[in-house]
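Here is the structure we will look at, set down as structure tokens.
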Amino acid sequence: MENFIYFISETIIALGIILSIFLSFKMKDKNSFIGKKWSPKRHIAFLGTVFFLGFLGILVPFFGDFLKLSGLSTLNIFQNLGPSTINIPFEDYTKTLLNGALVISPFGILSKFLIVTSAFFVSLVSLPFIKVLNQRIASFSTLFLFVVLGGLFLTSANDVLSLFISAEAVSLTLCFLIANFSTNKEKYSIQGANPKNASDTRDFGAPLEASVKYFVLNAIASCFMLLAASYIYLHLGTLNFSDIETLPLNNLLAQSPLLNAAEVIFFSALMFKIGAFPFYIWVMDVFKGTNYATGLLISTTIQAIGVIALAKTALALGYFGSILNFALILCAVLTLVLGNLLAFRIVKKEGKIKDFLSANTIASIGYAILGISFLTKGSICAGIFSLIVYLTMTFGLWAGFGLILKNLKTSPDKDTKVVSSIRGLAYISPAFGTAFAICLLSFAGFPLMAGFSAKFYLFTEILRSGAWAVYPLLLCAFSSILCVYYCFKLVYFMFQKPKSLNGKLKIFKKNTVFKRTNVCTFILLTSAAVLFILFFMTGPIVTMLNNIL
């Protein structure tokens, strides 16, 4: 019970799941008070409250300790917290529970912070898209909370089996989210079309198809993960990360082809969870069949959970051999190149917004994977910093496109949900256009934005690995050039003069909300501001990450 304080956030999320299940039954009963008064907006507020309380649950026991370890307590503004909170040495801060199956560490706290914060912003950005679910919103929020709970337990995992179980809890819950919630499941592409005619339907049954694809591929990846875990145990005699880290320090093990093969297989299974090469195709397929909220969840929270799992495993298994290092670098570089090629092709052909968001997800997460793939402390820190910047940029990008999608008119003649729909938006709302351009230019690595500092820090750490690191960086430079092209192309679309009079674009609804304050505009403006702040705070954040890992 003395360690309960370290799991306050998990307890809050678990209680939120129980309350969400209770509300789902009461919402169906129209005779009850909850059935009459409870609305989707109130349920979304309940979901956001749970995540906010979970965020506070992370800060309460670790606030003073986190400042001490990060070096920020030297500012002398938290000295009144008392000696019990700031005079704890680093060695006493990390502790293991349940015979080493769980670990409490500074990196775990940072991981929890990223997961809960990203889930909170997902619930805010998804507000316009999930409130139309009505009574099914309770089921959506329950599954959403299950994903976050699995991710929180993954951050505390200290052996292969606990990490595997947590990852499977997230993946299986995601299957149900993909299958059951889609906004375009029963719509038809042509007004007045015959529903019995298969050629007239659009995306009918796409969520179920995407869910089956993901479930089958995830099951195969899980089988390979268990196979690799058995080989690791056969060779090392343990699956505990703390024990594995001490083995190479004592020079007890030589390189083994079996161990190298097991590591490659295990990391390949983790790569599937993220959607990296060669498993990136499922991301494109799943995005076509999901609603906007689920797609945002995959692009942010799921990606954060996957990168954290990669980092935890790399810190433990990254000591053995160079074959794993080569395989991970190859996957990361190809993920960057292919993801940017897909995004480049979609923007050039003015494809669908959802396809661009899926390709951008694949391309951008490749930088975090690239940092982890070099298996050094500095490169892993650079990968985690790239993840933080990526999450900030992604929320701004999705908030901007979400606002655009909610204001587009539907047309029976052509699909309006394409990237070229943003033409002239800067003339409707200069503030929206500027903030959206900042997020796009940060993706391109434009100076004075966090995207530039993240890439610069990452490439610097990679070059410290040796002269041979220049070769993967050349491919990264090629992918960055593609990213610059399509990001500037989107900015060019926004600042094109509208063809209609008075700056009113016919493709948008009459009463647009671009000039009104709402959740999406608030998050877009916040993301743009944070990107500037992160650029100037790169040094302190990097110092903090080096102290944490």
Side-chain angles (χ1 to χ4, degrees), residues 3 5-10 54-55 57-73 88-98 100-119 148 150-160 162-163 166-167 170 240-246 267 270 273-274 301 303-319 368-369 371-391 454 457-458 461 540-549:
N3 295 316
I5 192 172
Y6 296 104
F7 296 95
I8 293 178
S9 56
E10 286 89 339
F55 173 77
I58 297 172
L59 291 183
V60 168
F62 298 105
F63 188 63
D65 302 339
F66 190 77
L67 291 172
K68 177 67 175 178
L69 295 174
S70 62
L72 298 179
S73 60
I88 296 178
F90 182 82
E91 299 83 34
D92 296 338
Y93 192 85
T94 301
K95 59 173 63 179
T96 56
L97 307 172
L98 298 178
L102 301 178
V103 64
I104 307 299
S105 65
F107 178 62
I109 305 310
L110 176 64
S111 302
K112 289 183 180 181
F113 171 78
L114 292 177
I115 292 173
V116 175
T117 304
S118 65
V148 177
L152 291 179
F153 277 110
L154 185 142
T155 61
S156 302
N158 196 40
D159 59 35
V160 174
S162 57
L163 185 141
S166 302
V170 174
N240 187 272
F241 291 152
S242 299
D243 295 337
I244 292 174
E245 289 174 1
T246 62
F267 275 89
L270 288 178
K273 310 290 183 182
I274 302 177
T301 307
Q303 297 287 5
I305 293 172
V307 170
I308 290 166
L310 270 178
K312 288 178 70 70
T313 312
L315 289 170
L317 298 176
Y319 296 100
I369 302 172
I372 296 173
S373 65
F374 278 82
L375 303 176
T376 64
K377 182 180 178 180
S379 65
I380 293 176
C381 287
I384 299 299
F385 181 69
S386 298
L387 173 65
I388 296 172
V389 175
Y390 162 76
L391 291 175
Y457 174 43
L458 176 64
E461 290 295 333
I541 294 175
V542 168
T543 301
M544 180 190 68
L545 291 174
N546 279 283
N547 290 331
I548 284 176
L549 288 179

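Here, residue 1 is the first one in the sequence, and each next residue gets the next number.
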Flag, side chain of T117 to backbone of L114, donor-acceptor distance under 3.5 Å: no

Closest approach of S118 to T301 (non-hydrogen atoms, all atoms of both residues): OG-OG1, 3.2 Å

Set of salt bridge (charged side-chain N to carboxylate O under 4.0 Å, His left out) partners for K312, sequence neighbours left out: none

Interatomic spacing from CG in L154 to CD1 in I305 - rounded to 0.5 Å: 7.0 Å

From L110 atom CG to L545 atom CG, the distance as rounded to the nearest 0.5 Å: 6.5 Å

Qualifying residues under ring pair (Phe, Tyr, Trp, His ring centres under 6.0 Å), relative to F153, sequence neighbours excluded: none

Which residues share a side-chain hydrogen bond (donor to acceptor under 3.5 Å, both in side chains) with T155, sequence neighbours left out: none

Listed partners of A311 passing side-chain contact (heavy atoms from CB on, under 4.5 Å), at least two apart: F107, I372, I380, I384

Contact summary for I244 and A316, nearest pair of heavy atoms: CG2-O, 3.4 Å

For S166, all residues meeting side-chain hydrogen bond (donor to acceptor under 3.5 Å, both in side chains), sequence neighbours excluded: none

Shortest non-hydrogen contact between V148 and A119, atoms and distance: CG2-CB, 3.6 Å

For Y457, all residues meeting side-chain hydrogen bond (donor to acceptor under 3.5 Å, both in side chains), sequence neighbours excluded: none

Test item: P106 and N547 side chains (from C-beta on) under 4.5 Å apart, heavy atoms: no

Residues that S111 engages under side-chain hydrogen bond (donor to acceptor under 3.5 Å, both in side chains), provided they are two or more places apart: none

Non-hydrogen side-chain atoms of I58 and V116 separated by less than 4.5 Å: yes

With sequence neighbours excluded, residues passing side-chain contact (heavy atoms from CB on, under 4.5 Å) with T313: L163, F241, F266, F267, L270, L317

Non-hydrogen atoms of G54 and S9 that approach each other most closely: O-CB, 3.4 Å

Shortest non-hydrogen contact from N240 toward D159: CA-CB, 3.7 Å

S156: side-chain contact (heavy atoms from CB on, under 4.5 Å) partners, not counting sequence neighbours: F7, E10, L102, K112

Exercise: identify the closest heavy-atom pair between A157 and S162: CB-OG, 3.4 Å

